[in-house]
Amino acid sequence: MALPLLILLVIFAPPLIFAVVVAVALFLGQLEFNRMSLGRAHRLQQIVAALAGTTIVPLFYFQQLSLLLPWMVSVFLLLALIILYRFKTLEGIHNQFGWICLGLFYLPVLFGHLLLLRFEPFGRHWIFLTMMTVMFCDSFAYFVGRKIGRHKLYPSVSPNKSVEGGVAGLVGSVIAVFIAKALFLPQIGWLDGFVVGGIVSLFGQSGDLFESLLKRACGVKDSGTMIPGHGGLLDRLDSLLFAFPVMYYIVKYGYGG
């Protein structure tokens with residue numbers, strides 16, 4: 001559900017509306033992320049962190065990356081002061097604060113690169129390519145893994161994933177890049193197709209595994225219940241959280257963006 005909605009937004013939404021939707025997704029995603037570990041505890045801190053995270057959107061929308069470090073410092077100090085003067089017990093406060101800070105890097109900083117990619121030349125095309133690469137990777141990995149998967153990829157984190165599925169996902173990503181080259185991104189070279197597909201696939205699969213690692217650490221099956229029958233918002237976006245920044249820097253420094 002999340003990917004089709006994102007596709008529609010990329011096609012039809014003007015830049016400002018697109019940025020607003022990204023901000024809303026960041027807010028909801030951070031609430032979901034913090035709830036995974038903190039539950040109903042520290043509700044004020046969770047809400048403030050989610051709101052603070054969305055303030056990164058104007059920085060990316062206006063491409064003021066020089067303000068990114070001051071933003072990080074300001075948000076950290078704000079949350080540190082709230083934690084300092086509102087804690088009820090010292091036990092576990094370091095883990096709770098650390099988790100909230102992790103969410104501010106994991107979601108706003110990573111997913112915010114979607115906005116940066118959107119404003120690159122042919123930005124819509126590169127976003128489509130990123131989503132195609134992730135979707136092809138997931139589909140190839142799932143079906144091949146079910147059919148011939150014998151060797152566990154990372155059983156302590158994701159017991160259902162196989163080495164065979166991971167390799168098939170990489171192949172699927174490369175195929176996706178060459179389809180995009182044929183349809184709407186002819187500037188991608190033949191060698192580039194293998195490199196871009198391989199890099200985005202590796203990071204996308206790592207993003208999936210990273211979210212699985214966090215869920216296992218929190219003892220939950222899904223990140224949330226925001227999407228009935230499909231888990232939470234993070235369950236739909238986990239691969240893209242790693243894929244969008246990688247694709248942005250590939251475009252920025254590899255294609256003269």
Side-chain angles (χ1 to χ4, degrees), residues 2 16 18-116 157 206-228 230-242 244-245:
L16 181 58
F18 189 79
V20 170
V21 173
V22 169
V24 171
L26 283 178
F27 177 75
L28 296 176
Q30 286 176 101
L31 287 180
E32 183 178 274
F33 177 85
N34 289 327
R35 197 175 297 121
M36 272 203 307
S37 177
L38 304 180
R40 296 183 179 278
H42 305 286
R43 290 295 296 164
L44 176 63
Q45 290 91 323
Q46 292 187 47
I47 294 172
V48 170
L51 288 171
T54 63
T55 62
I56 203 173
V57 170
L59 271 62
F60 284 164
Y61 181 81
F62 294 107
Q63 302 186 55
Q64 298 297 315
L65 298 187
S66 62
L67 298 178
L68 191 57
L69 182 58
W71 175 85
M72 291 179 181
V73 172
S74 300
V75 172
F76 178 88
L77 292 176
L78 172 64
L79 294 174
L81 290 174
I82 293 176
I83 290 286
L84 175 63
Y85 293 113
R86 286 187 58 86
F87 77 89
K88 295 181 180 179
T89 175
L90 287 173
E91 184 179 359
I93 195 68
H94 55 304
N95 292 327
Q96 296 155 5
F97 184 54
W99 182 267
I100 291 174
C101 290
L102 171 62
L104 287 165
F105 284 90
Y106 183 49
L107 285 154
V109 174
L110 294 184
F111 195 60
H113 279 75
L114 171 59
L115 278 175
L116 296 178
V157 171
S206 297
D208 188 2
L209 288 170
F210 184 72
E211 199 232 0
S212 295
L213 174 69
L214 296 179
K215 288 190 295 186
R216 283 193 168 272
C218 293
V220 297
K221 181 178 181 295
D222 297 318
S223 62
T225 58
M226 193 174 300
I227 306 175
H230 296 277
L233 183 62
L234 298 182
D235 294 322
R236 302 299 95 197
L237 297 177
D238 49 8
S239 298
L240 291 171
L241 287 173
F242 278 34
F244 280 134

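Numbering starts at 1 and runs along the sequence shown. All of these numbers come straight from a predicted model, not from anything done at the bench.
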When rounded to the nearest 0.5 angstrom, what distance separates [atom1] in [X] from [atom2] in [Y]?
{"X": "Leu241", "Y": "Leu114", "atom1": "CG", "atom2": "CG", "answer": "10.0 Å"}
{"X": "Ser37", "Y": "Asn95", "atom1": "OG", "atom2": "CG", "answer": "8.0 Å"}
{"X": "Leu115", "Y": "Tyr61", "atom1": "CG", "atom2": "OH", "answer": "9.0 Å"}
{"X": "His42", "Y": "Gln96", "atom1": "NE2", "atom2": "CD", "answer": "3.0 Å"}
{"X": "Leu81", "Y": "Phe76", "atom1": "CG", "atom2": "CZ", "answer": "9.5 Å"}
{"X": "Arg216", "Y": "Lys221", "atom1": "CZ", "atom2": "NZ", "answer": "11.0 Å"}

With a 4.5 Å heavy-atom cut-off, do Leu28 and Val24 have their side chains touching? yes
Side chains of Phe111 and Val22: closer than 4.5 Å at any heavy-atom pair?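 Side chain of Phe111 against side chain of Val22, heavy atoms only: contact under 4.5 Å found.
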Which atoms form the tightest heavy-atom contact between [X] and [Y], and what is the distance?
{"X": "Ala50", "Y": "Leu31", "value": "CB-CD2, 3.8 Å"}
{"X": "Phe60", "Y": "His113", "value": "CE1-N, 3.9 Å"}
{"X": "Ala49", "Y": "Asn34", "value": "CB-ND2, 4.2 Å"}
{"X": "Ile100", "Y": "Gln45", "value": "CD1-CB, 3.9 Å"}
{"X": "Ser223", "Y": "Asp235", "value": "N-OD2, 3.0 Å"}
{"X": "Leu104", "Y": "Gly53", "value": "CD2-CA, 3.8 Å"}

Run the side chain to side chain contact (heavy atoms under 4.5 Å, CB included) check on Leu68 and Ile56 step by step: do they pass? CA-CA 8 Å; Leu68 191 57; Ile56 203 173; 3.6 Å; yes
Could you walk me through whether Trp71 and Leu67 pass the side chain to side chain contact (heavy atoms under 4.5 Å, CB included) check? CA-CA 6 Å; Trp71 175 85; Leu67 298 178; 5.7 Å; no
Report the C-alpha distance between Leu107 and Leu234 in whole Å, list the side-chain angles of each, state the deciding distance to 0.1 Å, and finish with yes or no for side chain to side chain contact (heavy atoms under 4.5 Å, CB included). CA-CA 9 Å; Leu107 285 154; Leu234 298 182; 3.4 Å; yes
Full working for side chain to side chain contact (heavy atoms under 4.5 Å, CB included) between Leu110 and Phe242: CA-CA 7 Å; Leu110 294 184; Phe242 278 34; 3.9 Å; yes
Side chains of Ser239 and Asp208: donor-acceptor distance under 3.5 Å anywhere?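 No.
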Is the backbone N or O of Leu26 less than 3.5 Å from a side-chain atom of Gln30, with the two atoms forming a donor-acceptor pair by type? yes
Would the distance check show the side chain of Glu32 and the main-chain N or O of Leu233 forming a donor-acceptor pair, the cut-off being under 3.5 Å? yes
Does Glu91 CD have over 12 foreign heavy atoms under 6.0 Å away? no
Phe33 and Trp99 aromatic ring geometry - parallel, tilted or perpendicular at 30°/60° bounds: parallel
